[in-house]
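Here is the structure we will look at.
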Amino acid sequence: MERIAIYPGSFDPVTNGHVDLAHRGLKLFDRIIVAILHNPKKKYLFTVEERLKMLEESMGTHGIEFDIFDGLLVDYVQKRGACAILRGMRALSDFEYEFQMALMNRKLNREIETVFLMTGMRWIFTSSSIIKEAAQFGGDISDMVPAVVYDRIRAKFGY
Ligand code: PNS
């Protein structure tokens with residue numbers, strides 16, 4: 001049976017840390033579905049279509065698919081026939097939020113496991129929000145995001 005994991009997130013925008021994690025996830029699962037949460041109530045820098053396009057352009061490889069979901073993550077996981085949720089864990093600061101989410105998801109559906117991979121050392125301080133913050137003021141974030149994302153961020157901030 002094919003083992004599928006859902007790698008959910010906002011991906012606003014996708015970073016090198018995300019790309020690394022999805023590729024490493026492929027060593028554990030036959031297929032990874034990278035799923036962008038569509039939450040119209042939340043404010044994002046990039047539209048869900050832009051985020052999807054950037055993911056496709058920077059992560060596209062055999063075994064990785066992309067999709068958009070809304071509602072409960074566990075319902076989406078079940079709908080796609082996946083057995084696990086894949087998440088990255090950076091520093092200790094991620095732990096509480098991730099722990100809460102994993103426990104809530106487990107309460108909602110005990111059949112679905114959350115699998116954490118430690119973020120690669122190179123990307124331990126990389127996050128979409130910190131990258132956007134630096135980029136907004138012209139900070140050089142070129143080695144933290146895929147080239148296509150770098151171009152889009154610059155265009156967004158007009159430089
Ligand atoms: O990249 P992010 O913003 O940390 O990803 C968060 C995400 C999308 C994984 C999380 O918000 C989510 O799963 N939302 C869907 C709603 C849901 O199922 N909530 C219950 C579990 S906390």
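Each ligand, and each atom within it, is numbered from 1 in the order the structure gives.
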Give the residue, atom name and distance (to 0.1 Å) of the protein heavy atom nearest atom 14 (N) of ligand 1. L37 CD2, 3.8 Å

Cation-pi geometry met for R152 and F46 (6.0 Å, 45°): no

Would a 4.5 Å heavy-atom cut-off, applied to side chains only, mark S10 and K42 as touching? yes

In ligand 1, which numbered atoms sit nearer than 4.0 Å to a non-hydrogen atom of G71? 15 (C), 16 (C)

For atom 19 (N) of ligand 1, what's the nearest protein heavy-atom neighbour? Residue, atom name and distance, please. L72 CD2, 4.1 Å

May I ask whether R87 places a heavy atom under 4.0 Å from ligand 1? yes

E2 atom CD, neighbour heavy-atom count above 12 within 6.0 Å: yes

K53 and side chain to side chain donor-acceptor pair (under 3.5 Å): which single residue from E56, E57, E50 fits? E57

Output the list of atoms in ligand 1 that are nearer than 4.0 Å to some heavy atom of M101, sorted by atom number. 10 (C), 22 (S)

Give the residue, atom name and distance (to 0.1 Å) of the protein heavy atom nearest atom 1 (O) of ligand 1. S10 N, 3.0 Å

Min side-chain heavy-atom separation N109-V77 under 4.5 Å: no

What distance do I131 atom CD1 and L45 atom CG have between them, rounded to the nearest 0.5 Å? 11.5 Å

Are there protein heavy-atom neighbours of atom 12 (C) of ligand 1 below 4.0 Å? no

Identify the closest protein heavy atom to atom 21 (C) of ligand 1: which residue and atom is it, and at what distance? N105 OD1, 3.2 Å

Do any heavy atoms of Y97 fall under 4.0 Å from ligand 1? yes

Checking the side chain of S128 only, and the main-chain atoms of P13 only, is there a donor and an acceptor separated by less than 3.5 Å? yes

Give the numbers and elements of all ligand 1 atoms closer than 4.0 Å to a heavy atom of L73. 13 (O), 17 (C), 18 (O)

Give a yes or no on whether a salt bridge exists between R80 and D67, defined as a side-chain N under 4.0 angstrom from a carboxylate O. yes

Would you check whether A35 reaches within less than 4.0 Å of ligand 1, judged by its heavy atoms? no

